[in-house]
Amino acid sequence: MRRTTKLELHQMSIEAARAVLHQQNIGLLVERATYRAVGERFADETVAAAALAPLEADIRRVAEDTAQTTATDTATVLVEDVRAAVERARDETREAADTARADLVTLAREAEARTRGAADTAREDVATVARETEVATREAAEKVREDVATLAREAEVTTRDAVDKACAEVATVAREAQEQTRQVVETVRADVVELTREATATARDSVDKARDQVLDLARDAAEKACATFVPTPIQVTLPNGRVTKVDGPKHQVLPELLLALGARCHVLLVGPAGTGKSTLATQAAEGLGLDLQAISLGPTTPMSKVFGYFDAHGTYHDTPFRRAFEHGGVMLFDELDNGHPGLLAELNQALALGVCAFADGMVKAHADFRVVATGNTHGTGGDRQYVGRQALDAATLDRFVTLDVPVDEKLEERVALAHAPAKKRLVRELLTEVHRLRAVAADKRLPVMFSPRVSIDGAKLLAAGATIEQVMRWRVTRGLSDAHRAALEL
């Protein structure tokens with residue numbers, strides 16, 4: 001069957017377009033023919049135009065209708081032709097597709113058959129090559145194994161020979177080195193022994209010297225520590241040859257006091273309050289092996305308190321001074337510069353001549369009678385701190401050897417620490433502040449006092465549980481004015 005091609009369809013479309021144009025030309029030709037017929041009939045153009053004017057619309061409509069009718073008929077014919085052509089083309093295309101499908105199926109079956117045959121042939125070839133390769137590889141591996149075994153045996157023999165030779169050489173070298181080492185060790189041992197002997201001798205000498213130095217240092221440190229916390233006892237040889245010992249904390253003036261009393265002199269101890277003057281008298285009596293008698297003097301102390309008296313029944317009442325004067329002992333007149341000058345003048349005879357008129361008669365002084373008097377001044381009267389002191393008569397002062405008793409801060413520290421051994425840090429803190437205040441007051445000549453009693457009483461308070469602030473407020477800075485506080489930098 002003949003197939004309608006695209007070219008034929010294209011030519012049919014062109015002919016349809018030409019028919020449409022032809023139909024449009026037919027309308028124009030009809031319109032022009034009408035105008036021409038009217039113009040030929042009317043020679044005058046104006047008349048012709050006037051004649052055509054009422055007909056112009058009808059002429060145009062007739063022309064259009066004629067053209068439309070012609071175009072419609074033509075288009076109908078062309079559409080029918082095109083539809084028939086399209087149907088023929090569809091049928092031809094379907095037949096061509098069925099034919100091509102059958103051809104392709106046939107070709108595919110033939111190609112599959114050929115491919116299957118080629119694959120089987122190739123599989124057989126590959127299997128053959130693989131078998132041949134396996135055989136060749138096995139033979140090559142056997143050959144390589146035999147070659148390696150042969151080389152290994154040869155290498156083992158060569159290595160064994162080389163190792164035996166090397167072992168022999170190493171053994172020889174080792175024996176030589178061992179012999180040389182033994183000789184070197186013997187030489188070094190001898191040198192080391194000799195050096196060790198010398199070093200030991202030198203070290204022994206150094207150790208002995210170091211031990212002696214350490215012992216000396218330790219002995220000095222121990223003596224200093226003992227001097228600070230465990231004062232050395234003082235031994236006193238009495239005129240009868242008996243030796244006595246004074247233990248406990250002692251003021252630095254005690255040896256001088258013992259010397260003066262041993263020379264049968266009466267002693268006046270002068271120093272600030274709280275320096276231990278009364279304690280010195282007690283320790284002096286202990287050191288001399290004598291009893292201690294004591295009286296504290298004041299402006300109103302009566303004669304009877306010193307020299308005794310008879311009561312209303314005629315009985316004589318003696319006094320501490322009478323007992324010491326008559327039977328021997330150390331008589332302590334505490335606060336001598338606070339006593340009445342008249343009373344003190346009565347003592348001049350007893351102190352100078354060794355005899356005294358008591359209420360019951362004259363009494364001669366015992367050979368061991370000694371007087372220790374204490375005072376805060378040198379008998380010159382009151383000053384800025386001790387305003388109530390009396391001026392002492394020169395005759396009274398002439399009966400005494402005068403010893404100054406300053407504040408012994410080491411003794412102060414020992415006594416304070418002894419009262420609060422569990423609060424040493426706080427006690428030392430208190431001592432540091434008291435010493436500072438004492439130095440500032442002395443430097444600025446302030447009428448305030450910070451005696452050792454302040455530190456000792458503060459240590460007692462600390463031991464009882466008081467705080468350092470309470471001690472400062474209760475015992476150290478009590479009663480100070482604002483001006484004094486400012487001057488003391490409090």
Side-chain angles (χ1 to χ4, degrees), residues 238-240 244 257-258 260-270 273 276-379 381 386 388-403:
L238 300 177
N240 59 7
T244 62
L257 175 59
L258 290 171
L261 294 176
R264 296 179 174 274
C265 296
H266 305 301
V267 180
L268 172 61
L269 301 176
V270 180
K277 298 183 293 294
S278 300
T279 303
L280 277 170
T282 302
Q283 291 176 335
E286 179 185 355
L288 296 173
L290 302 175
D291 293 333
L292 177 69
Q293 306 292 335
I295 295 177
S296 182
L297 301 177
T300 60
T301 301
M303 293 286 188
S304 58
K305 188 175 182 179
V306 177
F307 298 105
Y309 65 95
F310 283 99
D311 60 17
H313 300 285
T315 302
Y316 175 75
H317 294 272
D318 66 358
T319 63
F321 174 67
R322 170 68 180 267
R323 291 191 289 272
F325 190 83
E326 184 176 3
H327 304 292
V330 175
M331 180 64 211
L332 171 61
F333 285 113
D334 211 1
E335 309 291 345
L336 183 71
D337 56 351
N338 197 32
H340 193 279
L343 173 61
L344 300 180
E346 292 291 335
L347 292 173
N348 289 343
Q349 182 184 26
L351 298 180
L353 299 178
V355 294
C356 182
F358 289 93
D360 61 344
M362 295 293 293
V363 177
K364 186 177 180 181
H366 192 279
D368 292 330
F369 171 67
R370 305 285 188 277
V371 172
V372 176
T374 67
N376 301 123
T377 67
H378 286 275
Y386 306 101
R389 298 306 167 186
Q390 302 289 337
L392 297 180
D393 187 81
T396 300
L397 292 174
D398 192 49
R399 265 69 174 175
F400 292 95
V401 171
T402 302
L403 295 178

Test of understanding: with side-chain contact (heavy atoms from CB on, under 4.5 Å), list the residues that count as partners of [X], not counting sequence neighbours.
X      : result
Asp318 : Tyr316, Arg322, Arg323
Ala365 : Phe325, Phe369
Leu292 : Thr282, Ala285, Val330, Leu332

*What are the two closest non-hydrogen atoms of Phe310 and Ala359, and how far apart are they?*
CE1-O, 3.4 Å
*Please report the shortest heavy-atom distance between Leu392 and Leu336, naming the atom on each side.*
CD2-O, 3.8 Å
With rounding to the nearest 0.5 Å, note down the distance linking [atom1] in [X] to [atom2] in [Y].
X      : Y      : atom1 : atom2 : result
Met331 : Leu290 : CE    : CG    : 13.5 Å
Asp368 : Leu288 : CG    : CG    : 8.5 Å
Leu280 : Leu257 : CG    : CG    : 6.0 Å
Phe333 : Thr374 : CZ    : OG1   : 11.0 Å

Counting C-beta onward and ignoring hydrogens, is there a side-chain heavy-atom pair between [X] and [Y] closer than 4.5 Å?
X      : Y      : result
Thr319 : Val306 : no
Asp334 : Lys277 : no
Arg370 : Arg264 : yes

_Pairwise ring pair (Phe, Tyr, Trp, His ring centres under 6.0 Å) hits with a residue in residues 277-298, at least two apart_ = none
Please list, chain by chain and in numerical order, all residues satisfying side-chain hydrogen bond (donor to acceptor under 3.5 Å, both in side chains) with [X], sequence neighbours excluded.
X      : answer
Asp398 : none
Tyr386 : none
Arg399 : none
His366 : none

_Within residues 350-359 or reaching into it, pairs that qualify as salt bridge (Lys or Arg N to Asp or Glu O under 4.0 Å) - sequence neighbours excluded_ = none
_For residues 289-310, which residue pairs pass the side-chain hydrogen bond (donor to acceptor under 3.5 Å, both in side chains) check, not counting sequence neighbours?_
none
*Non-neighbouring partners of Asp393 that pass salt bridge (charged side-chain N to carboxylate O under 4.0 Å, His left out), sequence neighbours left out*: none
Please table the atom pairs, donor to acceptor, closer than 3.5 Å between any side-chain atom in residues 338-355 and protein atoms at least two apart or in another chain.
{"from": "His340", "atom 1": "ND1", "to": "Gly342", "atom 2": "N", "distance (Å)": "3.0"}
{"from": "Asn348", "atom 1": "OD1", "to": "Thr396", "atom 2": "OG1", "distance (Å)": "3.3"}

*Are Asn376 and Glu335 close enough, and set up right, to give a side chain to side chain contact (heavy atoms under 4.5 Å, CB included), and what steps lead you there?*
CA-CA 7 Å; Asn376 301 123; Glu335 309 291 345; 3.5 Å; yes
